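Note that the structure is a prediction, hence the values are computed from the model and not measured. As a basis for the values below, the full set of heavy atoms in this structure was taken, side chains included, without hydrogen atoms, waters or symmetry mates.
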Amino acid sequence: MEYRYSSRSNDEKKGKKRLMYDITKTPIFGLLLTIIFYNLGRLIQKKTGNPIFNPLLIAIIGIISFLSITKLPYESYKIGGDSINYFLSPVTIVLAVPLYKQFELFKENMIEIIIGITAGVLVSFISIKLIGFLSKVDASLLNSLIPKSITTPMGISLTNSLGGIEAITVVAIICTGILGAIISPLIFKIGKIKHPIARGIALGTSAHALGTTKAIEMGEVEGAMSGLSIGISGMITVIIVPILIKFL
């Protein structure tokens, strides 16, 4: 009787392990893991009120820690993670909604907005080239960092055309967005930047979609201008950066 009980117990354990293994091989696993840790990050940020506790940053740290502790391969998470990436471009289009509501404001300040976004793109490019010159990093690494302030789909396309490393570009884009969302309130406070259009343009041009989420929290005008800046800064970057690289 003891032998049969032990054998049945072992079979149940093996069955549970097999079930867990099968679950990790489905897209649901990656999706649920992302949703759980992101909402945990939102809860922590809401409770603390500190911009350092960015939901995306907490989600990244949480997912990496979870996979490391459970020794689950990244490929298991990536199945569901790729499902989220698939919707990245379509979801970005939703940012046009607040812009539509503030379109008259955009027309009134169109020249100033275009100049501000172009200046932001140029400063971003020159700063990366200057850092590369001073640190003497490899050209492929430097080219991977140039698209850091535009959206991921555009950034990946640009880095491939420049001969950069796609994985480094993605990391640079994420880090730039998170950092922009975290430090922007402090920068605006120090610089006494209170105009909603200026705030929105600054966030969208420097910190793309993640900056725009912060801009939307600040106000509808900030969110609309930031969403606008994502598209315009991306187009300007893709057009002028390959030309500038030939001369610098």
Side-chain angles (χ1 to χ4, degrees), residues 51-52 54-61 64 81 84-85 88-89 91-92 95 113-188 191 198-216 222 225-248:
I52 294 178
N54 184 275
L56 182 59
L57 178 60
I58 292 174
I60 292 172
I61 295 173
I64 292 174
I84 298 174
N85 288 335
L88 184 61
S89 297
V91 167
T92 304
L95 297 173
I113 289 172
I114 299 297
I115 292 174
I117 294 173
T118 304
V121 171
L122 291 174
V123 168
S124 175
F125 174 77
I126 293 171
S127 63
I128 290 296
K129 292 295 288 186
L130 182 61
I131 292 172
F133 174 77
L134 295 174
S135 59
K136 297 180 181 180
V137 299
D138 183 73
S140 61
L141 177 60
L142 188 64
N143 291 337
S144 304
L145 298 176
I146 288 174
K148 65 178 178 59
S149 293
I150 60 178
T151 58
T152 304
M154 285 185 171
I156 291 174
S157 177
L158 180 58
T159 197
N160 287 334
S161 66
L162 297 177
I165 303 168
E166 185 176 310
I168 293 178
T169 299
V170 173
V171 172
I173 290 173
I174 293 174
C175 290
T176 300
I178 292 174
L179 184 62
I182 290 174
I183 69 172
S184 57
L186 178 62
I187 297 296
F188 293 153
R199 288 187 172 197
I201 296 300
L203 277 165
T205 304
S206 62
H208 49 82
L210 293 176
T212 300
T213 59
K214 188 65 180 179
I216 292 173
E222 288 90 335
M225 295 301 108
S226 185
L228 168 71
S229 301
I230 293 176
I232 295 179
S233 65
M235 288 188 291
I236 293 174
T237 302
V238 169
I239 292 171
I240 71 171
V241 162
I243 299 173
L244 291 174
I245 285 180
K246 294 181 180 180
F247 296 98
L248 296 175

Among pairs that include at least one residue of residues 157-168, which meet side chain to side chain donor-acceptor pair (under 3.5 Å), considering only residues two or more places apart or in two chains?
Thr159-Thr169
Under the side-chain contact (heavy atoms from CB on, under 4.5 Å) rule, collect the residues that match up with Val238, sequence neighbours excluded.
none
Please list all pairs passing the side chain to side chain donor-acceptor pair (under 3.5 Å) test where one or both residues lie in residues 136-147, with sequence neighbours left out.
Asp138-Ser140
Rounded to the nearest 0.5 Å, the CG atom of Leu244 sits from the CD1 atom of Ile240 at a distance of 5.0 Å
For Leu57, enumerate each residue passing the side-chain contact (heavy atoms from CB on, under 4.5 Å) test, keeping only those at least two apart in sequence or located in another chain.
Asn54, Ile61, Ile178, Ile182
Got a second to check how far Ile245's CD1 is from Lys129's NZ, nearest 0.5 Å?
6.0 Å
Taking side chain to side chain contact (heavy atoms under 4.5 Å, CB included) as the criterion, tell me which of Thr152, Leu179, Leu56 meets it with Ile174.
Leu56
Separation between CG (Leu145) and CD1 (Ile165), nearest 0.5 Å, reads 9.0 Å
For Ile115, check side-chain contact (heavy atoms from CB on, under 4.5 Å) against everything at least two apart and list the hits.
Ile111
Can you name the side-chain hydrogen bond (donor to acceptor under 3.5 Å, both in side chains) partners of Ser184, sequence neighbours left out?
none
Rounded to the nearest 0.5 Å, what separates atom CD1 in Ile128 from atom CD1 in Ile131?
5.0 Å
Which residues pass the side-chain contact (heavy atoms from CB on, under 4.5 Å) test with Ile64, not counting sequence neighbours?
Ile60, Ser68
Drop me the distance from Ile146's CD1 to Leu158's CG, to the nearest 0.5 angstrom.
7.5 Å
Quiz: residues 116-125 side-chain donor-acceptor pairs under 3.5 angstrom, not counting sequence neighbours:
from	atom 1	to	atom 2	distance (Å)
Thr118	OG1	Ile114	O	2.8
Ser124	OG	Lys148	NZ	3.2

Gly231 and Met154: which non-hydrogen atoms are nearest, and at how many Å?
O-CE, 4.4 Å
Applying side chain to side chain donor-acceptor pair (under 3.5 Å), which residue pairs with at least one partner in residues 225-239 are found, sequence neighbours left out?
Thr212-Ser226
Distance-only criterion, 3.5 Å: show the donor-acceptor pairs between side-chain atoms of residues 201-211 and protein atoms not counting sequence neighbours.
from	atom 1	to	atom 2	distance (Å)
Thr205	OG1	Ile201	O	2.7
Ser206	OG	Ala202	O	2.6
His208	NE2	Ile173	O	2.7

If you round to the nearest 0.5 Å, how far is CD1 of Ile126 from CZ of Phe133?
14.5 Å
Do the side chains of Met225 and Ile113 get nearer than 4.5 Å, heavy atoms only?
yes
